[in-house]
Asker: 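This is the structure I want to talk about, given as structure tokens.
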Amino acid sequence: MEYSFYDFLKLLGSLALFLYGMKIMSEGLQKFAGDRLRKILTAMTTNRVTGVLTGVLITALIQSSSATTVMVVSFVNAGLLTLSQSIGVIMGANIGTTVTAWIISALGFKVDIAAMTLPLLAIGVPLLFSGKSNRKSIGEFIFGFSFLFMGLSLLKANSPDLSQNPEMLSFVQNYTDMGFGSVILFVLIGTILTMIVQASAATMAITLIMCANGWISFELGAALVLGENIGTTITANLAALTANTQARRAALAHLVFNIFGVIWVLCLFKPVTMGVSWFVEDIMKTADPAVAVSFKLSAFHTTFNICNVLILIWFVKLIEKTVCKIIPQREQDEEYRLRFITGGMLSTAELSILQARKEINLFAERTHRMFGMVRDLLHTTNENDFNKLFSRIEKYENISDNMEVEIANYLNQVSEGRLSSESKLQIRAMLREVTEIESIGDSCYNLARTINRKHRSDMDFTPKQYEHIHQMFHLTDEALSQMVTLVEDEHHIVDVNKSFNIENEINNYRNQLKNQNVLDVNNKEYDYQMGVHYMDIIGECEKLGDYVVNVVEASSNVKEKKS
């Protein structure tokens with residue numbers, strides 16, 4: 001079989017289409033699915049067992065563990081699943097994929113999802129050009145889904161076709177008499193083979209051919225199956241290349257889960273393979289050796305994955321900690337995800353309000369962090385660093401919008417239950433807090449946009465302007481720090497009057513600089529346009545200070561209702 005450079009370029013193009021599909025699909029999910037899909041997935045993955053069952057069901061239906069794990073990675077990337085929930089679904093996908101192995105063994109048939117991609121694109125085109133944002137988002141999701149599976153299909157088609165040329169692998173007969181060393185070698189061969197072929201089902205077919213031809217024994221075929229379980233994780237890890245930290249962790253969790261499983265099975269390799277062989281020979285009696293070995297391999301595959309899940313389902317938290325340690329959260333990769341509010345309401349309204357309170361505290365901290373980025377942006381001169389930081393502030397603004405909606409919806413849901421009049425007033429005050437904190441996020445973004453406009457011009461602020469902006473930023477930061485402390489203070493020890501005093505300082509300073517700006521522009525100390533940018537920053541800081549005072553007032557009201 002010849003494999004030219006042109007074939008290699010087609011392989012790279014297939015990978016590009018696959019990664020692009022993953023990106024578009026994830027973005028479409030974020031725009032459209034939001035609350036609805038999050039609620040469905042949360043309901044389906046309320047605990048480890050239901051998460052595993054979800055993974056089994058999805059994979060058994062679509063006949064591809066790679067497809068399931070890629071979708072799980074995209075759900076994590078879109079913030080629809082937490083890392084912990086995704087690990088359960090991935091475990092289930094490993095069991096679900098064994099259904100495919102049995103179908104190959106019994107029927108030699110596999111559903112081709114890629115065959116549906118062109119009809120799906122036909123459905124997606126009118127949606128993509130729709131005027132309504134929801135329909136457009138559905139169109140983007142369909143296009144992403146289609147490109148993703150088209151890419152997967154092309155990856156398989158443009159990979160070296162080992163399944164049609166199994167004689168290329170006949171050389172492995174030379175390495176079958178090395179004892180346990182042969183087993184380890186065949187695990188590595190199975191891993192590499194699956195990474196190349198990009199389909200565990202294809203590797204299973206190759207393994208069946210090799211065993212049926214008598215090139216290798218059932219035990220070495222089982223070692224290939226173990227390697228296939230590691231190799232199949234490459235698809236999800238490829239999908240996660242363009243994803244956020246949490247999605248990369250989910251893909252890595254798939255790899256860690258399978259590696260742990262392979263290690264313990266290798267420790268008990270002889271008893272496990274002997275047990276499976278006895279079961280097939282004595283229970284599923286068949287005269288055809290080729291059929292017998294195919295059933296043995298399918299039974300081994302199923303036994304391995306079910307036992308692996310039964311053992312490691314108790315160590316989901318450990319796997320989560322492991323992948324978090326291997327892939328630490330980079331500050332610039334922070335994604336939107338509620339930390340304290342999950343699924344439905346808690347058993348009592350009071351506990352639900354407490355969870356919402358913690359989420360509001362986190363919301364306040366995030367907006368304060370966002371203002372810190374704005375201060376850094378003012379003095380970032382490198383073009384690449386400036387664009388990265390500005391994009392990150394934009395991302396935080398989206399996070400701020402999403403958090404406001406999520407927390408407000410949750411509080412409205414809580415308010416529909418049986419509540420005391422004090423609790424209802426408390427929720428009303430908390431809703432005001434959420435609205436005002438979101439307004440702070442908007443102000444931070446407006447400041448960043450003004451700095452961006454100034455950055456795109458050929459002029460710069462004068463040293464005196466910078467001095468005044470620094471002073472205004474210092475006062476605003478002080479107001480935000482006081483607000484965060486007050487919001488987080490459960491016992492109302494913080495002096496509220498300090499926030500009002502800072503706000504008065506900000507107002508007075510804004511008025512002073514406004515009058516001074518008119519004189520400076522008239523005296524030609526700086527260009528009129530630079531005066532506009534300058535006063536936009538000063539004026540936005542004053543607005544931000546007003547929002548801070550509103551949060552402080554609302555927070556004080558919440559604590560008064562509690563006491």
Side-chain angles (χ1 to χ4, degrees), residues 29-43 78-82 133-134 137 334-371 394-446 480 483-484 486-488 490 543-544 546-562:
L29 273 170
Q30 280 177 300
K31 290 175 190 172
F32 170 74
D35 303 337
R36 282 162 291 186
L37 189 54
R38 185 181 287 111
K39 283 172 185 172
I40 293 167
L41 288 169
T42 303
L80 302 172
L81 278 178
T82 65
S133 59
N134 269 0
S137 299
E334 182 173 357
E335 295 300 317
Y336 160 63
R337 189 168 289 101
L338 295 180
R339 193 178 296 173
F340 301 102
I341 296 173
T342 56
M345 292 185 296
L346 297 178
S347 53
T348 65
E350 284 71 23
L351 281 174
S352 296
I353 290 172
L354 182 64
Q355 294 301 91
R357 176 77 264 153
K358 288 179 182 176
E359 208 67 68
I360 291 171
N361 295 351
L362 183 64
F363 194 7
E365 285 174 14
R366 271 190 168 143
T367 51
H368 189 197
R369 204 177 310 145
M370 189 178 176
F371 182 73
E394 266 187 318
K395 196 174 190 180
Y396 261 64
E397 205 275 327
N398 289 329
I399 289 173
S400 177
D401 291 344
N402 289 330
M403 286 194 78
E404 180 199 18
V405 172
E406 289 281 352
I407 298 169
N409 286 343
Y410 184 77
L411 286 170
N412 285 328
Q413 195 180 352
V414 174
S415 67
E416 290 169 7
R418 289 186 178 180
L419 292 170
S420 63
S421 55
E422 289 82 6
S423 292
K424 283 183 179 176
L425 289 170
Q426 193 180 336
I427 286 176
R428 198 177 303 162
M430 287 169 78
L431 281 168
R432 188 187 171 203
E433 271 186 89
V434 170
T435 304
E436 298 297 338
I437 292 173
E438 193 277 330
S439 296
I440 292 171
D442 289 342
S443 272
C444 289
Y445 182 50
N446 289 338
L480 282 164
M483 177 197 79
V484 171
L486 185 72
V487 166
E488 291 179 349
E490 290 294 319
K543 279 186 195 174
L544 199 154
D546 290 341
Y547 297 137
V548 167
V549 167
N550 293 341
V551 173
V552 168
E553 285 178 346
S555 183
S556 301
N557 290 337
V558 168
K559 281 151 190 171
E560 283 169 17
K561 303 296 177 286
K562 282 176 73 177

Asker: Give the minimum heavy-atom separation between T367 and A364, together with the two atoms involved.
Answerer: OG1-O, 2.8 Å
Asker: Locate the shortest heavy-atom distance separating L411 from A356; write the atom from each residue and the value.
Answerer: CD2-CB, 3.6 Å
Asker: Between E359 and M403, is the side chain to side chain contact (heavy atoms under 4.5 Å, CB included) condition met? List the steps.
Answerer: CA-CA 9 Å; E359 208 67 68; M403 286 194 78; 3.9 Å; yes
Asker: Quick one: does R357's side chain get under 4.5 Å of E433's, heavy atoms only?
Answerer: yes
Asker: Taking atom CE of M430 and atom CD1 of I407, what is their separation to the nearest 0.5 Å?
Answerer: 8.5 Å
Asker: Using the side-chain hydrogen bond (donor to acceptor under 3.5 Å, both in side chains) criterion, which residues pair with Y445? Sequence neighbours excluded.
Answerer: E394
Asker: Mind checking whether L486 and V551 have side chains closer than 4.5 Å, heavy atoms only?
Answerer: no
Asker: Look only at the side chain of S443 and the backbone of I440, and say whether a donor-acceptor pair between them is shorter than 3.5 Å.
Answerer: no
Asker: Hey, what do you get for OG (S555) to CZ (R432), rounding to the nearest 0.5 Å?
Answerer: 11.0 Å
Asker: Report the residues that fulfil side chain to side chain contact (heavy atoms under 4.5 Å, CB included) with V549, sequence neighbours left out, ordered by chain and then residue number.
Answerer: F500, E503, E553
Asker: Find the distance between OG1 (T435) and CG (N550) and round it off to the nearest 0.5 Å.
Answerer: 10.5 Å
Asker: Applying side chain to side chain contact (heavy atoms under 4.5 Å, CB included), run through M370 and I399 and close with a yes or a no.
Answerer: CA-CA 11 Å; M370 189 178 176; I399 289 173; over 6 Å; no
Asker: Go through the steps to decide whether N412 and L431 satisfy the test side chain to side chain contact (heavy atoms under 4.5 Å, CB included), and finish with yes or no.
Answerer: CA-CA 9 Å; N412 285 328; L431 281 168; 3.7 Å; yes
Asker: Residues in ring pair (Phe, Tyr, Trp, His ring centres under 6.0 Å) with F363, at least two apart?
Answerer: none
Asker: Tell me the closest heavy-atom pair linking S400 and G441, and the distance in Å.
Answerer: OG-CA, 4.1 Å
Asker: Return the CG to CG distance between L480 and L544, rounded to the nearest 0.5 Å.
Answerer: 5.5 Å
Asker: Listed by chain and number, what are the side chain to side chain contact (heavy atoms under 4.5 Å, CB included) partners of D442, not counting sequence neighbours?
Answerer: E397, D401, E438
